[in-house]
Amino acid sequence: MTKSALITGVTGQDGAYLAKLLLEKGYRVFGLIARRGTDTLWRLRELGIEQQVELINGDLTDVSSLIRAMETSQASEVYNLGAQSFVATSWEQPLLTAQVTGVSVTNVLEAIRIVNPTARFYQASTSEMFGLIQAEKQDEKTTFHPRSPYGVAKLYGHWMTINYRESFNIHASSGILFNHESPLRGIEFVTRKVTDAAARIKLGKQKELRLGNIDAKRDWGFAGDYVDAMWLMLQQEQPDDYVIATGRTTTVRDMCRIAFSHVGLNYEDHLLIDPKFFRPAEVEVLLGNPAKAHEKMGWEAKTSLETLIIMMADADMRRVEKE
Ligand code: NDP
Ligand code: GDR
């Protein structure tokens with residue numbers, strides 16, 4: 001029988017890649033779509049799957065719509081990727097972030113409990129929960145210390161996932177994913193902001209790039225590799241929590257260097273530091289240890305940062321050229 005999956009956040013970066021992966025595996029893919037004033041389907045269109053994903057209207061903050069989505073989709077796997085996911089915005093809208101990124105996890109878990117408690121659940125947790133890091137390399141046992149309202153909201157969702165597993169025996173897993181990027185990354189995130197700027201400056205459409213803390217270090221991987229890990233988690237006999245990362249960390253500065261040199265520019269000629277982009281509390285460095293995911297699920301990151309940034313810069317060159 002054909003399996004059905006429900007993805008919240010299907011219009012986001014990960015939602016699009018995961019939908020494609022599940023369609024390739026023969027799933028019927030349902031996606032929760034929130035009402036917006038503008039078109040949000042561009043990523044599904046870029047991957048050529050807009051017609052294949054079955055969209056269900058709903059919002060993470062409206063549990064009745066989630067119950068309906070569970071009933072309509074008859075999903076046996078639910079991937080909760082929807083969130084207010086931009087860290088900087090979480091200081092400007094902390095309560096919205098708490099509702100959408102935090103409390104809504106319980107809405108989804110409740111919809112599962114009410115409609116089909118045998119459905120398997122994936123929660124999109126994050127390395128932002130480590131925040132002010134308590135170990136040089138972070139793994140599943142590292143103590144959390146979130147540094148933003150976003151990180152705090154995600155930590156609530158992480159613990160509710162574990163709590164529903166322990167309380168109701170729901171097959172609920174939490175993927176603690178480190179930063180992952182792609183040509184489908186939102187323009188507000190630093191990698192895409194940089195590759196887009198490199199393309200625009202190269203093509204004479206922009207002069208400078210303004211960034212905040214370029215000494216911050218991140219463990220960056222490719223979103224296409226990371227959605228494999230989400231699926232693998234729900235295929236395990238037992239639900240569990242997994243760190244998903246590359247095990248390498250790089251400064252924003254060096255990531256800029258890679259992007260600009262790929263298009264034949266020197267980033268130092270164009271970069272300006274703008275305090276507007278500094279955060280009230282910064283996560284200075286993140287570095288994940290994905291050993292458990294490798295040992296238990298055979299997962300590992302396949303794409304280097306250089307390959308990833310070049311893929312993104314090339315995609316942005318093509319986009320900007322077409323404008
Ligand atoms: P995006 O910001 O690209 O996508 C977020 C998705 O959530 C969009 O589809 C958005 O819909 C949807 N959404 C927002 N608010 C609501 C709402 N109220 N009701 C229903 N849907 C809503 O995120 P990513 O794809 O990058 O990330 C996916 C998940 O993984 C997120 O939860 C993120 O926090 C988490 N994560 C991401 C990491 C990364 O590096 N990318 C790392 C670790 C965790 P719309 O398009 O309509 O706005
Ligand atoms: P992050 O990603 O906050 O790690 O969250 P982002 O790309 O926004 O920032 C990474 C680092 O770059 C520094 N930075 C800037 N960031 C942005 N966006 N814009 C700038 O101009 C800029 N200048 C410097 C930031 O200060 C930060 O240190 C992402 C999101 O996808 C979350 O949803 C996810 O949970 C985490 O990754 C893991």
Side-chain angles (χ1 to χ4, degrees), residues 7-19 31-44 56-62 65-66 69 79-90 96-97 99-101 104-105 107-108 122-131 146-148 150-151 153-154 157-158 174-182 184-194 197 209-223 226-227 230 244-245 251-253 255-256 271-286 288:
I7 304 175
T8 75
V10 76
T11 56
Q13 169 189 261
D14 292 7
Y17 282 109
L18 179 66
L32 188 80
I33 180 153
R35 197 200 163 273
R36 301 282 187 251
T38 50
D39 174 39
T40 54
L41 296 175
W42 67 273
R43 292 184 174 95
L44 298 182
I56 302 174
N57 289 310
D59 193 286
L60 281 167
T61 59
D62 182 335
S65 70
L66 299 173
Y79 296 86
N80 186 36
L81 311 185
Q84 189 305 93
S85 80
F86 189 42
V87 172
T89 294
S90 77
L96 176 132
T97 304
Q99 286 299 328
V100 176
T101 304
S104 293
V105 179
N107 288 343
V108 181
Y122 172 84
Q123 169 57 18
S125 292
T126 167
S127 50
E128 281 293 298
M129 301 187 310
F130 296 121
R147 293 271 279 173
S148 63
Y150 167 81
K154 280 286 183 184
H158 174 70
S174 178
I176 306 173
L177 271 55
F178 283 60
N179 298 55
H180 46 279
E181 321 292 310
S182 73
L184 301 185
R185 189 54 145 152
I187 197 85
E188 65 274 36
F189 299 95
V190 76
T191 52
R192 182 73 208 295
K193 184 174 171 181
V194 166
L209 166 63
R210 289 175 176 267
L211 293 178
N213 176 15
I214 59 169
D215 294 319
K217 294 174 96 174
R218 289 292 183 274
D219 180 329
W220 279 296
F222 172 47
Y226 285 39
V227 296
M230 299 177 186
I244 301 297
T251 58
V252 171
R253 183 196 301 276
M255 182 270 296
C256 284
L271 182 61
L272 291 174
I273 300 303
D274 187 339
K276 188 171 88 184
F277 297 108
F278 290 155
R279 294 176 176 180
E282 176 64 292
V283 173
E284 296 293 347
V285 54
L286 290 171

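Just so you know, ligand 1 is whichever comes first in the structure, and atom 1 is the first atom listed for that ligand.
- Between Gln13 and Ala223, the shortest heavy-atom contact is NE2-CB, 3.5 Å.
- Of the listed residues (Leu32, Ile7, Asp14), the one carrying the non-hydrogen atom nearest atom 27 (O) of ligand 1 is Asp14.
- By the criterion of a heavy-atom distance under 4.0 Å, the side chain of Arg36, and not its backbone, is placed next to ligand 1.
- Proximity of Asp59 to ligand 1, defined as any heavy-atom pair under 4.0 Å, is shared by backbone and side chain alike.
- On a distance-only criterion, Leu60 and ligand 1 share at least one N/O pair closer than 3.5 Å.
- Side chain to side chain, Gln84 and Thr97 meet the donor-acceptor criterion of an N or O pair below 3.5 Å.
- Atom 36 (N) of ligand 1 has its closest protein heavy atom at Tyr150 OH, 3.9 Å.
- Not counting sequence neighbours, the partners of Phe86 by the ring pair (Phe, Tyr, Trp, His ring centres under 6.0 Å) test are Phe189.
- Ser127 has its side chain within reach of Asn179: a pair of non-hydrogen atoms, C-beta onward, lies under 4.5 Å apart.
- Looking at atom 6 (C) of ligand 1, its nearest protein heavy atom turns out to be Gly9 CA, 3.6 Å.
- Between Lys154 and ligand 1, a contact under 3.5 Å exists for at least one N or O pair.
- By the 4.5 Å heavy-atom criterion applied to side chains, Cys256 and Leu211 are counted as neighbours.
- Only side-chain heavy atoms of Val100 come within less than 4.0 Å of ligand 1; its backbone N, CA, C and O stay farther off.
- The nearest heavy-atom contact from the protein to atom 41 (N) of ligand 1 is Arg185 NH1, 3.2 Å.
- Protein heavy atom in closest approach to atom 5 (C) of ligand 1: Ala83 O, 3.7 Å.
- The ligand atoms of ligand 1 that sit less than 4.0 angstrom from a heavy atom of Thr126 are 43 (C), 44 (C).
- Every atom of ligand 1 is numbered from 1 in the order shown, and the set under 4.0 Å from a heavy atom of Ala124 is 29 (C), 30 (O), 32 (O), 35 (C).
- A heavy-atom distance below 4.5 Å is not found between the side chains of Val252 and Asp215.
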One pair to check against side chain to side chain contact (heavy atoms under 4.5 Å, CB included): Leu60 and Asn107. What are the steps and the verdict? CA-CA 7 Å; Leu60 281 167; Asn107 288 343; 5.8 Å; no
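- Relative to atom 23 (O) of ligand 1, the option among Ser127, Gly12, Gly15, Ser85 with the closest non-hydrogen atom is Ser85.
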Starting from the N and O atoms of ligand 2, find every protein N or O within less than 3.5 Å and list the pair with its distance.
from	atom 1	to	atom 2	distance (Å)
ligand 2	3 (O)	Arg279	NH1	2.6
ligand 2	4 (O)	Asn179	ND2	2.8
ligand 2	4 (O)	Arg218	NE	2.9
ligand 2	7 (O)	Val190	N	2.8
ligand 2	8 (O)	Arg279	NH2	2.9
ligand 2	18 (N)	Glu188	O	2.9
ligand 2	21 (O)	Lys193	NZ	2.7
ligand 2	23 (N)	Gly212	N	2.8
ligand 2	26 (O)	Glu282	OE2	2.6
ligand 2	28 (O)	Arg218	NH2	3.0
ligand 2	28 (O)	Glu282	OE1	3.1
ligand 2	28 (O)	Glu282	OE2	3.0
ligand 2	31 (O)	Arg185	NH1	3.1
ligand 2	31 (O)	Arg185	NH2	2.9
ligand 2	33 (O)	Ser85	O	2.6
ligand 2	33 (O)	Tyr150	OH	2.8
ligand 2	35 (O)	Thr126	OG1	2.6
ligand 2	35 (O)	Tyr150	OH	2.6
ligand 2	37 (O)	Asn179	ND2	3.1

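- Counting heavy atoms under 4.0 Å from ligand 1, residue Ala223 does not touch it at all.
- In this structure, the protein non-hydrogen atom closest to atom 31 (C) of ligand 1 is Leu81 O, 3.1 Å.
- The two residues Lys217 and Thr251 have their closest heavy-atom pair at CG-CG2, 3.5 Å.
- Ligand-side atoms of ligand 1 in range of Thr40: 46 (O), 47 (O), range being under 4.0 angstrom from any heavy atom.
- Considering only heavy atoms from C-beta on, His158 stays 4.5 Å or farther from Val105 through its side chain.
- With respect to atom 3 (O) of ligand 1, the closest heavy atom belonging to the protein is Gln13 N, 3.1 Å.
- Contact annotation for Phe86 and ligand 1: no heavy atom of the residue comes within less than 4.0 Å of the ligand.
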Show, in sequence, the C-alpha distance, side-chain angles and deciding distance for Glu181 and Lys193, and conclude whether the salt bridge (Lys or Arg N to Asp or Glu O under 4.0 Å) test is met. CA-CA 11 Å; Glu181 321 292 310; Lys193 184 174 171 181; over 6 Å; no
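- Nearest protein heavy-atom contact of atom 40 (O) of ligand 1 is His180 N, 2.8 Å.
- Within ligand 1, the atoms closer than 4.0 Å to a non-hydrogen atom of Ser125 are 43 (C), 44 (C), numbered from 1 in the order shown.
- Looking at Met230 and Asp14, their side chains come closer than 4.5 Å, going by heavy atoms from C-beta outward.
- Here Glu128 has no heavy atoms under 4.0 Å from ligand 1, in either its backbone or its side chain.
- Not counting sequence neighbours, the partners of Tyr226 by the ring pair (Phe, Tyr, Trp, His ring centres under 6.0 Å) test are His180, Trp299.
- Between Thr11 and ligand 1, an N or O atom pair is found at a separation short of 3.5 Å.
- Remark: ligand 1 atoms within the under-4.0 Å shell around heavy atoms of Asn179 are 40 (O).
- In this structure, OG1 on Thr8 lies 12.0 Å from OH on Tyr79, to the nearest 0.5 angstrom.
- At least one side-chain heavy atom of Val190 sits under 4.5 Å from a side-chain heavy atom of Trp220.
- We find the NZ-OG1 distance between Lys154 and Thr126 to be 7.0 Å, quoted to the nearest 0.5 Å.
- Taking all atoms of both residues into account, the shortest heavy-atom contact from Gln123 to Asn80 is OE1-ND2, 2.8 Å.
- Of the protein's heavy atoms, Leu177 O, 3.2 Å lies nearest to atom 43 (C) of ligand 1.
- Taking Val87 as the reference, Trp91, Glu128, Ser148, Tyr150, Arg279 meet the side chain to side chain contact (heavy atoms under 4.5 Å, CB included) condition, with sequence neighbours excluded.
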Give the intermediate values and the outcome of side chain to side chain contact (heavy atoms under 4.5 Å, CB included) for residues Thr61 and Val100. CA-CA 6 Å; Thr61 59; Val100 176; 3.8 Å; yes
